[in-house]
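Okay, so here's the structure we're looking at.
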Amino acid sequence: NRQNQKRKKVFYPGSLAGRGVNMFITRFICHDDGHTEDYYYHTSKDAMNHMNLFADDDSALYDRIEVLDDAEMLIASISF
């Protein structure tokens, strides 16, 4: 799948996904080529705080920034 080839995964040591531990993802979808960068957090608050740091971003680097749960269900997003 081409989209998966573009996705840049950020290493999360000893991934706890699927082990009954809730994790949250802050996902940056880049404007230029659509690749993504994922950052993993133990709490939704930390993931939301990371996303909200870019709420006023005018760099045109991103199409959107999303916060997802560990099942990749969308919790919140910012579109530019």
Side-chain angles (χ1 to χ4, degrees):
N1 184 324
R2 185 180 171 133
Q3 186 175 8
N4 288 338
Q5 291 173 347
K6 291 181 181 180
R7 181 175 290 173
K8 177 182 177 184
K9 289 289 187 179
V10 176
F11 177 69
Y12 182 81
S15 178
L16 300 174
R19 297 185 191 170
V21 176
N22 291 333
M23 292 178 41
F24 299 89
I25 304 165
T26 302
R27 178 170 291 161
F28 291 75
I29 296 91
C30 294
H31 177 73
D32 57 353
D33 62 1
H35 82 273
T36 63
E37 298 175 10
D38 292 350
Y39 297 87
Y40 295 83
Y41 295 93
H42 289 289
T43 67
S44 61
K45 179 181 177 182
D46 289 341
M48 293 290 292
N49 284 342
H50 189 182
M51 179 186 74
N52 289 330
L53 290 173
F54 295 84
D56 297 321
D57 184 65
D58 61 358
S59 68
L61 291 174
Y62 308 109
D63 280 336
R64 68 185 180 282
I65 302 171
E66 303 173 335
V67 172
L68 307 109
D69 66 13
D70 54 1
E72 298 203 21
M73 297 292 292
L74 184 65
I75 295 172
S77 68
I78 299 173
S79 295
F80 300 99

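We're numbering straight along the sequence, starting at 1.
For S77, there are no side chain to side chain donor-acceptor pair (under 3.5 Å) partners at least two apart in sequence or on another chain. Not counting sequence neighbours, the partners of D32 by the side chain to side chain contact (heavy atoms under 4.5 Å, CB included) test are C30, H35. Listed by chain and residue number, D69, M73 satisfy the side chain to side chain contact (heavy atoms under 4.5 Å, CB included) test with A71 (two or more places apart in sequence, or in another chain). Partners of T43 under the side chain to side chain contact (heavy atoms under 4.5 Å, CB included) rule, at least two apart in sequence or in another chain, are K45, D46. Listed by chain and number, the residues in a side chain to side chain donor-acceptor pair (under 3.5 Å) with N52 amount to none (sequence neighbours excluded). Residues passing the side chain to side chain donor-acceptor pair (under 3.5 Å) test with S59, sequence neighbours excluded: D57.
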Please output the side-chain donor-acceptor pairs of residues 61-68 that fall under 3.5 Å, not counting sequence neighbours, one pair per line with the distance.
from	atom 1	to	atom 2	distance (Å)
D63	OD1	H31	ND1	2.7
R64	NE	E66	OE2	2.7

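Here OH of Y41 is found 15.5 Å from CG of D70. Values are rounded to the nearest 0.5 Å. Between atom CG of residue L74 and atom CD1 of residue I25 there is a gap of 11.0 Å, rounded to the nearest 0.5 Å. We find the OH-OG1 distance between Y40 and T26 to be 10.5 Å, quoted to the nearest 0.5 Å.
Counting all heavy atoms, side chain and backbone alike, R27 lies closest to D38 at NE-OD1, 2.7 Å.
Ring centroids of H50 and F24 are separated by 6.0 Å or more, keeping the two rings apart.
The hydrophobic cluster containing Y39 also contains F54, counting ILVMFWY residues as joined when their side-chain heavy atoms lie under 4.5 angstrom apart, directly or transitively.
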